[in-house]
There are 2 protein chains.
Amino acid sequence: MEMTAHKEDESRRGTADECRSIAGHLSWIGGRWTLPVVVTLGDGALRFNQLKRAVGGVSQQMLTRTLKDLERDGMISRTVHPTVPPQVEYTLTELGRSLARQGIQLGSWVLANRSAIEEHRQGFDAIR
Amino acid sequence: MEMTAHKEDESRRGTADECRSIAGHLSWIGGRWTLPVVVTLGDGALRFNQLKRAVGGVSQQMLTRTLKDLERDGMISRTVHPTVPPQVEYTLTELGRSLARQGIQLGSWVLANRSAIEEHRQGFDAIR
DNA sequence: CGGCATCCTAGCCGATACTG
DNA sequence: CAGTATCGGCTAGGATGCCG
């Protein structure tokens, strides 16, 4: 496949090839609450409503979904304490902690550059 | 607001606070083609259709949109060569290059961990 | 308290056709 | 070649209500 290759296109792949194939997983990370939740849990275990308050702005529905997906992917572990009232604790797994590190890094980048982005955006909108 | 604070919740913020506020920008990065395009351009300038082929699987509509957004945010610069037929070259700005580096890093992480994720996912699905 | 089920909306994203 | 315009599907995400 793709043997029709114009050399000018073919000769310049590299990192692109890798990143293209993982686009699916990337959009997963881009989920509205995935990184906020993971990073929040990076500070330590939390119960459901604690987590909800700590993240801020998330509906309980979305928090439930996000947590379930994260558990499914092995990022967090869920511990039920059979007390009254019931308590459920969420903790990051080792895999989750490594994701949290990535999230913080990405967050730092956005934080460092968002003013620049905002500027460009306004300059662009002014013209258009 | 929020002066009702239970101390157990309040005392454990840190990195979370930062990341919460940038959730919006994060979902922007999570756009289906944002990172693939940026990373692809990381290897050098490309014209529209070259870029389309290099990224692979992107419709020209989505490429146009993604490029416009990226230009708006100051990640790429657009150069029109008034030739026949017209040629338009896209290049990363300095800001864009720094984003590309982030993208590659994130991509590497996914690449390194996706097998682990897949495993957990199957184990989880088996039980449920 | 924690969490599912249901309904609903906004926007992302894609395929197609048309313009300069 | 490099777009714009239009249509429509899909689904992420939010509001609400009920259950254990």
Side-chain angles (χ1 to χ4, degrees), chain A residues 6 8-9 20 23-38 40-41 45-73 76-91 124 127-128, chain B residues 4 6 8-9 20 23-37 40-41 45-73 76-91 124 127-128:
Chain A
H6 301 262
E8 55 177 3
D9 287 354
R20 226 186 2 155
H25 290 265
L26 245 42
S27 62
W28 170 80
I29 291 177
R32 181 71 184 78
W33 299 109
T34 309
L35 286 185
V37 165
V38 170
T40 301
L41 279 177
L46 282 178
R47 303 213 329 273
F48 188 87
N49 279 336
Q50 284 181 325
L51 185 54
K52 186 170 181 297
R53 282 188 295 269
V55 171
V58 61
S59 71
Q60 141 269 45
Q61 171 73 296
M62 285 318 297
L63 185 54
T64 302
R65 288 187 198 176
T66 304
L67 286 170
K68 204 194 300 181
D69 287 345
L70 285 173
E71 189 194 0
R72 185 175 119 102
D73 290 346
I76 63 176
S77 67
R78 183 173 174 276
T79 312
V80 180
H81 299 278
T83 58
V84 179
Q87 299 200 348
V88 183
E89 239 187 21
Y90 293 94
T91 326
F124 191 85
I127 299 171
R128 284 263 146 167
Chain B
T4 62
H6 302 261
E8 54 176 3
D9 287 352
R20 226 185 5 153
H25 291 264
L26 245 43
S27 64
W28 170 82
I29 290 176
R32 182 71 185 79
W33 298 108
T34 309
L35 285 185
V37 165
T40 300
L41 279 177
L46 282 179
R47 303 214 325 273
F48 188 86
N49 278 337
Q50 284 181 325
L51 185 55
K52 185 170 182 295
R53 282 189 294 269
V55 171
V58 61
S59 71
Q60 130 270 55
Q61 172 73 294
M62 283 318 297
L63 185 53
T64 301
R65 288 184 196 175
T66 304
L67 286 171
K68 205 191 300 180
D69 287 344
L70 285 172
E71 189 195 358
R72 186 176 118 102
D73 290 347
I76 63 177
S77 66
R78 183 173 173 277
T79 312
V80 181
H81 299 277
T83 59
V84 179
Q87 297 200 350
V88 184
E89 239 188 22
Y90 293 94
T91 326
F124 191 84
I127 300 171
R128 288 261 145 170

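This structure is a prediction, so every number in the text was calculated from the model and none was measured.
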Could you walk me through whether V58(B) and T66(B) satisfy the side-chain contact (heavy atoms from CB on, under 4.5 Å) test, starting with their C-alpha distance in whole Å, then the side-chain angles of each, then the deciding distance to 0.1 Å, before giving a yes or no? CA-CA 10 Å; V58(B) 61; T66(B) 304; 5.8 Å; no
What is the distance from [atom1] of [X] to [atom2] of [N], rounded to the nearest Å?
X      : N       : atom1 : atom2 : value
I76(A) : dG2(C)  : CD1   : P     : 14 Å
E89(A) : dG2(C)  : CD    : P     : 10 Å
H81(A) : dG3(C)  : NE2   : P     : 12 Å
E71(A) : dG3(C)  : CD    : C1'   : 13 Å
F48(A) : dC1(C)  : CZ    : C1'   : 9 Å
L51(A) : dG2(C)  : CG    : C1'   : 12 Å
Q87(B) : dG20(C) : CD    : C1'   : 16 Å
K68(A) : dG2(C)  : NZ    : P     : 16 Å

Show your reasoning for whether side-chain contact (heavy atoms from CB on, under 4.5 Å) applies to T64(A) and F48(A). CA-CA 9 Å; T64(A) 302; F48(A) 188 87; 3.6 Å; yes
Would you say the side chain of D73(B) lies within less than 4.5 Å of the side chain of W28(B), judging by non-hydrogen atoms? yes
Of the nucleotides dG13(D), dT4(D), dG2(C), which has the atom closest to the R32(A) side chain? dG13(D)
Taking only the side-chain nitrogens and oxygens of [X], find out if one of them lies under 4.0 Å from OP1 or OP2 of [N].
X      : N       : result
W33(A) : dG14(D) : yes
R78(B) : dG3(D)  : yes
Y90(A) : dG3(C)  : yes

Five-pair end axes of the helix from dC1(C)-dG20(D) to dG20(C)-dC1(D), angle between them (10°): 40°
Spatial distance of atom [atom1] ([X]) from atom [atom2] ([Y]) [nearest 0.5 Å]:
X      : Y      : atom1 : atom2 : result
K52(B) : L46(B) : NZ    : CG    : 13.5 Å
I76(B) : E89(B) : CD1   : CD    : 12.0 Å
I29(B) : I29(A) : CD1   : CD1   : 11.0 Å
D69(B) : W33(B) : CG    : CH2   : 15.0 Å

Looking at residues 58-67 of chain B, who's got a heavy atom less than 4.0 Å off DNA chain D? Q60(B), Q61(B), T64(B)
Can you list the residues that meet the side chain to side chain donor-acceptor pair (under 3.5 Å) rule with R65(B), with sequence neighbours excluded?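 Testing R65(B) for side chain to side chain donor-acceptor pair (under 3.5 Å), a comparison that skips the adjacent residues, returns none.
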Check step by step if side-chain contact (heavy atoms from CB on, under 4.5 Å) holds for L51(A) and L67(A). CA-CA 10 Å; L51(A) 185 54; L67(A) 286 170; 3.8 Å; yes
